[in-house]
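Here the structure comes first, spelled out in structure tokens, and everything after it is commentary.
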Amino acid sequence: MKMPVHFLKLLLPVVCILFSHQATDAQILRKLGKAAERAAERTVERRVEKETSEKTDQALDSIFEPGSGKSTKKNPVPREDNPSNENDAPQTGEENTSENPKSSNSAGTQNITVYSKFDFVPGDTPIFVDDFSNEFVGDFPSRWNSNASGELVTTEEHPNKWLKLLPGHNTAYIPDVTNLPEEFTLEFDVLATGLDKKTSSQSYIGIVISDNNTFKKGANFGKVEYSFCQFIDRGVVVENNIASKRVIRNEVNADIRNVINQKHHVSVAVNKERFRLWINEVKFIDVPRLLPSNVQMQGIKFTLRGIDTEKESILIGNIKVAKGGVDLRRQLLADGKISTNGILFDSGSANIQPQSMGIIRQIYQVLQQDSSINLKIVGHTDADGDDSKNMSLSQSRADSVKNALISVYNVSSDRLTTEGKGETEPVGDNSSPDGKAQNRRVEFIKL
């Protein structure tokens, strides 16, 4: 039906009004949507800007003001002079190379099962052993050299004496070791205090095996550094010089921030050209040809850089260099007997230090390979302390090794016997740290 013209004239304004309201509503909604979108964008931008600013501040602080800022974490404080501290005087007593079990750190108290696949085997002939027990707090250790400074300190949580290192561009700390054998091992503990998110990204401790034991760079060396930086992962750096030319320079990815923030144990094995490094139970470096061939290595050097000495301290202790570190399995099978200084115990205790599990693992592999082999485990101590107590302690330590083979590797107890001989069969001079280290040993004898 055709609508009258006058009706259409009346309807047209109504339709226009309706369409106008719909368009206005849509426009308002679009504006609201854009406003909400812009608000969300501004919120995200502010958040990103804030986080970026924080990261930038940290990076700039690490470059221009390394170590600035206060740490909220409580750390053990090195004590440089405390007349009431019994550690200020030279110590006596059986085996000062490790700490009292009550103050042992996480690496020392970890269940030894964690180290069941640890494949580091320490050398069996000590070359240099220094726990600083015969030195005075505040002195520089007598069996070391440096072109800077340093001193022995103690801490509240770790009673042994520690060498406090000072950073420098060419600073080195050199133990009195020369004419290194082709195959040897190096072990030491590191304690870092005062680390926080402002610790410099350029803070590194270095371990150098060089063709000299002086402060010269050396035409031939292998070097590994790891960082104490906490706000970013800096990894582990490995480099060398062969005939005065750099052949290797690489940074290995490894997030070790939680590890190095606590007392930790470093193990190094050199087998001719091959260089391996472990921190606690984890191997981080294994380079087949880091060192030169047919070149006599003469020295071990420790370096440090990038540390703010006003609030941060890097301490090293319990240093041991030993000849060997080769496969003990073949020696046991060939000779029917091995003697090792590499199984370490807490001081005055039969508690096995976890880093000793590399040797115990090799003993297990021999027993696993030949089910007809039975072993006697014999414990020995140095001459410090009471004779009867040392006899009892050596028996307990032999029993601990047996129990580790049984509990960790499921070796039958029927295949293992133990004996303790205390200090009755010394192989070294008990008046020197090196001789004492030789006497503290465990023997495995085929029956």
Side-chain angles (χ1 to χ4, degrees), residues 94-95 98 101 108-126 185 187 267 269 278 281 283 322 324-346 348-382 388-427 437-447:
E94 199 274 342
E95 193 166 358
S98 55
T109 57
Q110 284 185 62
N111 190 305
I112 59 175
T113 304
V114 174
Y115 280 74
S116 62
K117 295 183 179 179
F118 183 48
D119 57 352
F120 171 76
V121 176
D124 52 8
T125 305
T185 60
E187 297 178 77
S267 309
W278 295 257
E281 81 280 12
K283 180 165 59 180
V326 296
D327 196 335
L328 297 177
R329 295 168 294 188
R330 298 182 185 278
Q331 183 181 347
L332 179 57
L333 291 171
D335 301 340
K337 176 181 178 179
I338 58 171
S339 176
T340 176
N341 309 95
I343 299 179
L344 305 178
F345 303 86
D346 291 335
S349 166
N351 295 328
I352 299 173
Q353 294 186 0
Q355 61 265 25
S356 306
M357 290 303 292
I359 293 177
I360 297 176
R361 179 172 179 257
Q362 286 201 354
I363 300 302
Y364 152 70
Q365 289 171 334
V366 171
L367 294 170
Q368 182 187 43
Q369 177 176 309
D370 189 341
S371 60
S372 68
I373 293 178
N374 296 327
L375 290 178
K376 176 190 281 188
I377 304 168
V378 183
H380 299 266
T381 69
D382 60 32
S388 61
K389 289 183 179 179
N390 284 338
M391 184 66 73
S392 176
L393 179 62
S394 65
Q395 179 66 55
S396 297
R397 289 178 170 179
D399 290 337
S400 290
V401 175
K402 174 183 175 179
N403 292 336
L405 286 165
I406 295 170
S407 61
V408 178
Y409 298 107
N410 297 317
V411 175
S412 172
S413 61
D414 296 337
R415 303 177 64 186
L416 304 170
T417 60
T418 62
E419 183 180 1
K421 294 194 174 181
E423 60 188 76
T424 61
E425 296 183 3
V427 294
Q438 293 179 46
N439 293 331
R440 294 189 296 266
R441 65 196 192 278
V442 176
E443 292 179 290
F444 296 90
I445 304 170
K446 285 173 61 177
L447 299 177

Identify the heavy atoms of [X] and [Y] that sit nearest to each other, and give their distance.
X: Asn341; Y: Leu344; result: O-CD2, 3.5 Å
X: Gln438; Y: Arg441; result: O-CD, 3.5 Å
X: Ser394; Y: Thr381; result: CB-CG2, 3.9 Å
X: Ser400; Y: Ala350; result: OG-O, 2.8 Å
X: Glu187; Y: Pro122; result: OE2-CB, 3.3 Å
X: Phe444; Y: Leu375; result: CD2-CD1, 4.3 Å

Exercise. For residues Leu405 and Ile377, determine if any side-chain heavy atom of one lies less than 4.5 Å from a side-chain heavy atom of the other.
Key: yes
Quiz item: Given the rule in the side-chain contact (heavy atoms from CB on, under 4.5 Å) test, do Leu416 and Leu367 qualify, once you have shown the distances and angles that lead to the verdict?
Solution: CA-CA 10 Å; Leu416 304 170; Leu367 294 170; 4.1 Å; yes
Quiz item: Relative to each other, are the rings of Tyr115 and Phe118 parallel, tilted or perpendicular (30° and 60° limits)?
Solution: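 Ring orientation of Tyr115 relative to Phe118: perpendicular.
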Quiz item: What class does the angle between the rings of Tyr364 and Tyr409 fall in, given that below 30° is parallel, 30 to 60° is tilted and above 60° is perpendicular?
Solution: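 Tyr364 vs Tyr409 ring planes: parallel.
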Under the 3.5 angstrom rule, does the side chain of [X] hit a backbone N or O of [Y] as a donor-acceptor pair?
X: Asn439; Y: Val427; value: yes
X: Asp335; Y: Lys337; value: no
X: Asn374; Y: Leu447; value: no

Rounded to the nearest 0.5 Å, what's the gap from [atom1] on [X] to [atom2] on [Y]? Could you check?
X: His380; Y: Glu425; atom1: NE2; atom2: CD; answer: 5.5 Å
X: Lys402; Y: Thr417; atom1: NZ; atom2: OG1; answer: 7.5 Å
X: Gln331; Y: Ser339; atom1: CD; atom2: OG; answer: 9.0 Å
X: Asp346; Y: Arg397; atom1: CG; atom2: CZ; answer: 8.5 Å
X: Leu333; Y: Gln369; atom1: CG; atom2: CD; answer: 6.0 Å
X: Ile352; Y: Ile359; atom1: CD1; atom2: CD1; answer: 11.0 Å

Practice problem: Could you point out which residue of Lys283, Arg361, Arg329 forms a salt bridge (Lys or Arg N to Asp or Glu O under 4.0 Å) with Asp119? | Solution: Lys283
Quiz item: Taking it one step at a time, do Val366 and Leu328 satisfy side-chain contact (heavy atoms from CB on, under 4.5 Å)?
Solution: CA-CA 9 Å; Val366 171; Leu328 297 177; over 6 Å; no
